[in-house]
Amino acid sequence: MKLARLRIRNFRCYKSEIGFDFDDMTAFIGKNDVGKSTVMDALDIFLNEGTPDKNDASKTGDGKDLTIICEFTDLPTSAIIDEDFPTTFQAEYLLNRQGLLEIHKTYSGHTAVPKCTGIAAFAIHPTDDGTKDLLQLKNQELKKRAKDLEVDLTGVNQKINAQLRQSIRDSVGDLKSQPVFVPLNEENAKKAWDGIKAYIPMFALFKSDRASTDQDPEAQDPLKTAVKEALKQKETELNALTTHVESEVRRIAEKTLEKLKEMDPSLAQQLNPQISVKKWDTLFNVSITGDEDIPINKRGSGVKRLILLNFFRAKAEQQAIERTDAPVIYAIEEPETSQHPHNQRLLVSALTDLAADNQVIITTHTPMLARTLPDKSLRYIYEKNDKSRQVLHGGGETNKLLAKSLGVLPDNSIKVF
């Protein structure tokens with residue numbers, strides 16, 4: 001899948017809802033503090049399942065409605081969501097009028113510790129009473145719904161939720177489909193959301209002002225990203241393995257409690273099996289050291305950014321060979337930071353190669369980077385008189401604004417050069 005559009009509202013400087021369209025390569029340009037980094041952070045929160053902090057809600061907006069919306073295109077031809085049987089987002093009525101997967105996440109920005117309060121797909125979805133909530137139903141509930149609606153399940157594998165849902169919809173006929181929000185964080189739909197997440201692109205954000213600590217150096221983050229990418233390629237199998245282990249552990253735990261009841265019923269009643277699953281990427285610890293085992297993060301900022309540059313070059317070369325299908329979005333704030341113009345040109349070339357199979361998003365203040373990219377990749381963010389923001393696509397009059405913003409127009413005050 002690819003990110004087609006981001007919309008945010010009540011998030012930092014963006015009080016009113018605003019939209020940003022994305023290409024394979026997208027460059028955001030604008031003055032300092034206009035909201036370029038906010039776009040990156042919003043994507044990081046959404047795609048990496050983070051949460052805003054207490055200061056992220058727009059000061060003049062509605063903190064209860066801090067919302068980040070992502071729309072995705074290039075959808076998979078089949079998807080495994082709430083079980084092992086493949087279905088499609090279209091068959092589950094999860095797409096909007098444009099045929100995109102549109103996911104809304106809302107956060108409690110008004111609280112001291114904001115949390116995600118709602119996840120939903122905005123889609124053309126059945127509103128008929130018998131079919132509007134099928135994604136929220138478990139297997140037994142789907143069987144009961146089919147029985148209540150007198151659905152003929154001849155030839156249907158009743159262990160497969162997708163087949164049960166399809167049979168119920170087919171039997172109803174007029175589904176009264178309308179554009180509605182389909183909850184994905186309620187009941188059984190949480191399992192469907194876990195399945196959908198496996199197809200959403202991984203987001204790797206590289207900031208220009210990273211903290212210099214031993215465990216989060218600029219040079220280490222690319223390797224952590226490589227670990228996450230490798231895991232993303234096997235996410236479906238890893239999810240199945242996790243489910244299998246949880247199921248087996250829970251089964252033996254419940255059996256243990258059954259046996260315990262025979263010897264001490266009161267003690268058995270007090271116990272309840274709890275299973276905590278850590279993330280797979282926590283199993284791997286990676287690092288790069290320099291001369292005499294000196295951590296790279298203790299070197300100059302130019303060296304650290306140079307390592308980052310060559311990480312992108314290495315990934316571009318590797319993917320040109322492997323052509324992997326794992327979706328990745330590389331987001332780099334001011335990639336030109338601390339780099340010689342020669343290295344900047346190499347960086348543009350590496351990022352352009354990466355964008356052939358992935359999406360790349362950058363922010364920049366450098367004219368060289370901006371004029372190297374095609375007009376369709378440029379996005380100019382500027383602040384209007386009423387403090388709201390507007391986004392313009394590259395080309396025509398926008399390019400004149402870009403040139404003025406980056407300071408590449410002639411200065412009439414200069415008499416001799």
Backbone N or O of [Y] within a donor-acceptor pair of the [X] side chain at under 3.5 Å?
X	Y	answer
T117	T106	yes
R379	V391	no
S405	A403	no
R389	V34	yes
D56	D53	yes

Just jot down the side chain to side chain contact (heavy atoms under 4.5 Å, CB included) partners of [X], sequence neighbours excluded, or say none.
X	answer
S167	V151, L153, V156
K191	D82, N188
K159	N157
T352	M25, V348

For [X], does the [atom1] atom sit with more than 12 other heavy atoms under 6.0 Å from it, leaving out its own atoms?
X	atom1	answer
Q163	CD	yes
N385	CG	no
K384	NZ	yes
D33	CG	no

For K64, salt bridge (Lys or Arg N to Asp or Glu O under 4.0 Å) partners two or more places apart: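 Testing K64 for salt bridge (Lys or Arg N to Asp or Glu O under 4.0 Å), a comparison that skips the adjacent residues, returns none.
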Non-neighbouring partners of D133 that pass salt bridge (Lys or Arg N to Asp or Glu O under 4.0 Å), sequence neighbours left out: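 With neighbours one apart ignored, the set is R145.
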Please collect all ring pair (Phe, Tyr, Trp, His ring centres under 6.0 Å) contacts where either partner lies in [range], sequence neighbours excluded, each pair once.
range	value
residues 366-389	Y380-Y382
residues 230-276	none
residues 45-99	none
residues 135-156	none

Contact between [X] and [Y] at the side-chain level, heavy atoms closer than 4.5 Å - yes or no?
X	Y	value
Q359	T26	no
L238	L231	yes
I361	M40	yes
L3	L43	yes
I332	L351	yes
L392	I381	no
P52	I45	yes
S16	R9	no

Set of residues satisfying ring-ring contact (aromatic ring centres under 6.0 Å, His included) with respect to F20, sequence neighbours excluded: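 Scan of F20 (ring-ring contact (aromatic ring centres under 6.0 Å, His included), adjacent residues dropped) gives Y14, F28.
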Electrostatic pair [X]-[Y], nearest N-O below 4.0 angstrom:
X	Y	value
D41	R12	yes
K261	E258	no
D24	K2	yes
K387	E383	yes
D148	K144	yes

Any side-chain donor paired with an acceptor under 3.5 Å for [X] and [Y]?
X	Y	answer
E334	T363	no
N139	N161	yes
N32	H365	yes
D375	N399	yes

Evaluate the criterion salt bridge (charged side-chain N to carboxylate O under 4.0 Å, His left out) for residue pair K197 and E49; output intermediate values, then yes/no. CA-CA 10 Å; K197 285 190 296 185; E49 299 188 80; 3.0 Å; yes
[atom2] on [Y] to [atom1] on [X], rounded to 0.5 Å:
X	Y	atom1	atom2	answer
I29	L378	CD1	CG	5.0 Å
L175	D128	CG	CG	6.5 Å
L205	D44	CG	CG	5.0 Å

If you look at every heavy atom in [X] and [Y], which pair is closest and at what distance?
X	Y	result
T38	C13	OG1-SG, 4.4 Å
E92	T87	OE2-OG1, 3.1 Å
Y199	A79	OH-CA, 3.3 Å

Only one of T67, L66, N10 clears side chain to side chain contact (heavy atoms under 4.5 Å, CB included) with Y107; which?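 Of the listed options, the one satisfying the test is L66.
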Give every donor-acceptor pair under 3.5 Å between a side-chain atom in residues 97-104 and any protein atom, sequence neighbours left out.
| unit_1 | atom_1 | unit_2 | atom_2 | d |
| --- | --- | --- | --- | --- |
| E102 | OE1 | N96 | ND2 | 2.9 |
| E102 | OE2 | R7 | NH1 | 3.1 |
| E102 | OE2 | H104 | NE2 | 2.7 |

Residues K138, E141; criterion salt bridge (charged side-chain N to carboxylate O under 4.0 Å, His left out); working and verdict: CA-CA 5 Å; K138 298 179 181 178; E141 295 168 329; over 6 Å; no
Verdict with reasoning, M1 to I200, per side chain to side chain contact (heavy atoms under 4.5 Å, CB included): CA-CA 6 Å; M1 290 200 298; I200 288 179; 3.5 Å; yes
